[in-house]
Each structure stands twice: as structure tokens, then as C-alpha cells.
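Beneath this line is the structure, given in C-alpha cells, with notes to follow.
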Amino acid sequence: MVASLLLHLLCCLTVFWLLLLPSLSADPDPLQDFCVANLSGSLSVNGFPCKPASEVTSDDFFFDGFMEEGNTTNRFASSLTPANVLTFPGLNTLGIAMNRVDIAPGGINPPHSHPRASEVGVVIEGKLLVGFVTTNNVFYSKVLTAGHMFIVPRGLVHFQLNVGEGKALAFTAFNSHLPGAAVVPLNLFASSIPNEVLTTTLQVDADVIDTIRSKFKS
Ligand code: GLV
Ligand code: MN
């Protein structure tokens, strides 16, 4: 009798909490571009599974990948060294990541957006034109030197152009352990998006698209 009363009470409390939960919490932000559901799969978390605590060492919480200057001998004369969950597994589920950004004179970190994070950055060396464009196509920008910070609201297209005489160095940080980056020129011209989509969208002839595509062949 007592046992059945307790069970009843427990059920009521559980239902009460389940009813309360939706008003107190929200779905976690997605950490992948898409997730086609496997309806027969088991419940998962929005991150990688965890290493057993007994195998965690101090090394899991430190990262030396920012000590070296990035290689800027490439088409954009820039280099991004990411410290995200893929390169620094200790960040898993913590909702933070950083990049080291090296840009040679005249180089650019080309227009791109981070679908899963806002960005904050600080210039350490050099002179950078930093800008972003809103969803209303309003452009905000400023030329920054050492010590200046900038922010880029989540998902907005932005860039950094080295407008100084020497190399530029900046560090950026994100509120995601895997912010992702959609690089506009590569999305458009290095993907298999049909030419007709580009000629129609950009209102140019096919040879213009061919010329631009040829610049992004790896
Ligand atoms: C800069 O825009 C970065 O993504 O690190
Ligand atoms: Mn960025």
C-alpha cells in the first residue's frame, strides 16, 4: 500500500518536472551543418562522446598549436590555425574555440561566415581592415592595429584584409567548440554548384564564371 502510494507520488513529481522543463530550457544549438535523423538510433549529445575521466591528463587541457606562424603562401596570402574541438579535444562541449590568423601584406582572410558562433578578435600585430555585412546589406568596417578588438555577430559575412606594410597577426574566439566556416568565394566557385545558378544569380556570361572558377581550382 505504502509502496504504491510512493510510486504514485513519484509519477506525479516526474510529470510535474516534465511539464516545467520546456519553459526552463531550450534545444541545444546544433553543432553540425545538418543531421538527418536515424529514427531507430539511440539518443545522442550535441558533441563528441567523452573520454573516460581515468584517461584524462593535463595535456588534454593545453594546446601549443598557436606558437608557430601560419604558412601564408597560398592564394589568399593568409592562414588560419584553428583551436576547435577537432584540434583541441579538451574544448568538447565547452562552447568555445579560437583561431590564430596570420595575413601577409596584401593578403586577406576572405569573406566568410560562421554558422554556429559569434566571433570576437584582437589584433596583435599589423594593420587590418576588418569588416562585416548585415542581413540588410549594411557594411561596417574599421582599420585596426595592435590592441584593437572587433566583434562579428553570429552568421554574418566578414573578412580581414591586411592593409599594412608588414605581416598581420590576430587571434579570434568563438562561442562554439566547432564554429564552422562557410567561405563565400569557395562556396560559390570551388563547389559543384551548377554554372547556370551562378550565371543567373550574378547576371554574367558563362565565360566570366569559368574564369573565376579557374582561380579556385586546387
Ligand atoms: C576570422 O574571421 C576568423 O574566423 O578567425
Ligand atoms: Mn571569422
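Owing to the predicted nature of the structure, the values given are computational and were not obtained by experimental measurement. Order of appearance sets the numbers: ligands from 1, and atoms from 1 within every ligand.
- Taking distances strictly below 2.8 Å, the protein N/O/S atoms close to the Mn ion (ligand 2) are H112 NE2, H114 NE2, E119 OE1, H158 NE2.
- For the residue pair D59/T57, the side-chain donor-acceptor check at 3.5 Å is not satisfied.
- Listed by chain and residue number, the protein contacts of ligand 1 are L80, N99, V101, N109, H112, H114, E119, H158, Q160, T172, F174 (heavy atom within 4.0 angstrom).
- The aromatic rings of F216 and F189 lie parallel to each other, with less than 30° between the two planes, well short of the 60° mark.
- Between the side chain of H148 and the main chain of A146, no donor-acceptor pair closer than 3.5 Å is present.
- The line from OH of Y140 to CD1 of I151 is 11.0 Å long, rounded to the nearest 0.5 Å.
- In this pair, F159 and F139 present their aromatic rings parallel. The plane angle is below 30°, not in the 30 to 60° band.
- Side chains of R213 and N195: a donor-acceptor N/O pair is present below 3.5 angstrom, by distance only.
- Of the inter-residue distances, the one linking M98 atom CE with E119 atom CD reads 10.5 Å to the nearest 0.5 angstrom.
- Of all non-hydrogen atoms in V143 and L129, the two that sit nearest each other are CG2-CD1, 4.0 Å.
- Note on ring orientation: taking the six-membered ring where Trp is involved, the planes of H114 and F174 are perpendicular (angle over 60°, cut-offs 30° and 60°).
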